[in-house]
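Below is one structure, written out as structure tokens; comments come after it.
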Amino acid sequence: MSATISLHNPSPEKTSQLGASLAHLLEPGDVVLLDGELGAGKTTFTSGLAHGLGVQETIWSPTFTLVRILTSGRIPLAHVDLYRLKLVGEIDELGIDELLEQGSVVVVEWGEPAAGIFGPSYLEIKLAYDLSAVGDSNRHITLEGFGPRWLEAWPQVEECVVAAGLTAQGEGG
């Protein structure tokens with residue numbers, strides 16, 4: 001079972017604000033999977049989330065290092081990028097299970113191949129950026145919570161969306 005909300009997203013700043021807002025819900029051992037084309041806002045979202053956790057380090061996509069561990073926030077943040085990995089077995093070699101056991105929050109860019117690998121509960125965020133659309137209607141975010149952890153927290157997820165100033169598609173302006 002899962003819970004889903006699709007959002008109109010007018011700007012990268014709102015993407016970051018959503019990350020910062022959702023950070024307050026995160027607990028040690030949580031997994032957040034991010035998907036979207038290049039430039040859709042995965043690292044922008046992670047930067048906001050890191051800021052919300054109190055991380056002091058600068059955030060960049062760990063495309064070449066694959067895993068970057070940031071410990072200056074209220075919960076250690078493992079920022080993972082699976083873009084260069086081709087096989088699911090390669091994900092196991094990154095030691096993400098150990099990071100979760102140690103109480104890190106794990107954020108995985110290009111995370112779709114990892115869906116379900118880290119247990120039944122995870123938050124998946126899909127970011128879309130339509131270059132052919134004109135104006136502020138070209139960005140969308142879909143949040144989907146899987147498993148008991150996120151189904152229970154879903155009302156708070158919806159509050160975070162409102163706090164970030166975003167509206168569900170079909171609502172408001």
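Excluded from the calculations below are hydrogen atoms, water molecules and symmetry mates; all remaining heavy atoms, backbone and side chain alike, are included.
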Cut-off 3.5 Å, no hydrogens considered: what does the side-chain donor-acceptor table look like for residues 44-51, sequence neighbours left out?
{"unit_1": "Thr46", "atom_1": "OG1", "unit_2": "Lys42", "atom_2": "O", "d": "2.9"}

Going by atom type alone, with no hydrogens or angles, which donor-acceptor pairs under 3.5 Å involve a side-chain atom of residues 152-162 and a protein atom two or more places apart or on another chain?
{"unit_1": "Trp154", "atom_1": "NE1", "unit_2": "Glu158", "atom_2": "OE2", "d": "3.3"}

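One finds the CG atom of Leu151 at 7.0 Å from the OG atom of Ser2 (value rounded to the nearest 0.5 Å). How far OG1 of Thr4 is from CD of Glu144: 3.5 Å, rounded to the nearest 0.5 Å. Here the CD1 atom belonging to Ile125 is positioned 4.5 Å from the CG atom belonging to Leu143, to the nearest 0.5 angstrom. In this structure, the separation between CG on Asp81 and CH2 on Trp110 is 8.0 Å, given to the nearest 0.5 Å. Atoms CZ and OG, on Arg139 and Ser11 in that order, are 7.0 Å from each other to the nearest 0.5 Å.
Listed here is the closest heavy atom pair of Ser21 and Ala163: OG-CB, 3.7 Å. When all heavy atoms of His24 and Gly52 are compared, the pair lying nearest together is CE1-O, 3.8 Å.
The side-chain contact (heavy atoms from CB on, under 4.5 Å) search around Glu57 returns Val55, Arg68, Leu70, Ser72, not counting sequence neighbours. A search for side-chain hydrogen bond (donor to acceptor under 3.5 Å, both in side chains) contacts involving Lys126 returns nothing, not counting sequence neighbours. Legend: residues meeting ring-ring contact (aromatic ring centres under 6.0 Å, His included) with Tyr122, ordered by chain and number and at least two apart, are Phe146. Residues passing the salt bridge (charged side-chain N to carboxylate O under 4.0 Å, His left out) test with Asp30, sequence neighbours excluded: Arg149.
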**Message:** Quick one, Thr43 with Glu109, criterion side chain to side chain contact (heavy atoms under 4.5 Å, CB included). Give me CA distance, side-chain angles, the key distance, then yes/no.
**Reply:** CA-CA 8 Å; Thr43 303; Glu109 293 192 29; 2.8 Å; yes
**Request:** Please assess His79 against Ile59 for the test side chain to side chain contact (heavy atoms under 4.5 Å, CB included), listing each intermediate value before the final yes or no.
**Result:** CA-CA 9 Å; His79 186 191; Ile59 303 302; 3.8 Å; yes
**Request:** Begin with the C-alpha distance, continue with both residues' side-chain angles, and end with the deciding distance and a verdict on side chain to side chain contact (heavy atoms under 4.5 Å, CB included) for Val108 and Val32.
**Result:** CA-CA 6 Å; Val108 184; Val32 179; over 6 Å; no
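Connection of Val67 to Leu53 is not established within any shared hydrophobic cluster, with ILVMFWY side chains joined at heavy-atom distances below 4.5 Å, either directly or through further cluster members. Leu99 is connected to Leu33 through a chain of hydrophobic side-chain contacts under 4.5 Å among Ile, Leu, Val, Met, Phe, Trp and Tyr, so both are in one cluster. Transitive grouping of hydrophobic side chains (ILVMFWY, heavy atoms separated by less than 4.5 Å) keeps Leu77 and Ile69 in distinct clusters. No path of Ile, Leu, Val, Met, Phe, Trp and Tyr side chains, each step under 4.5 Å between heavy atoms, connects Val31 with Leu18, placing them in separate hydrophobic clusters.
At a threshold of 4.5 Å between non-hydrogen side-chain atoms, the residues Val107 and Val80 do not count as touching. Contact of the Leu127 side chain with the Thr15 side chain is registered, since non-hydrogen atoms from C-beta on lie closer than 4.5 Å. When side chains are defined from C-beta on, Asn9 counts as touching Leu166, because their heavy atoms get closer than 4.5 Å.
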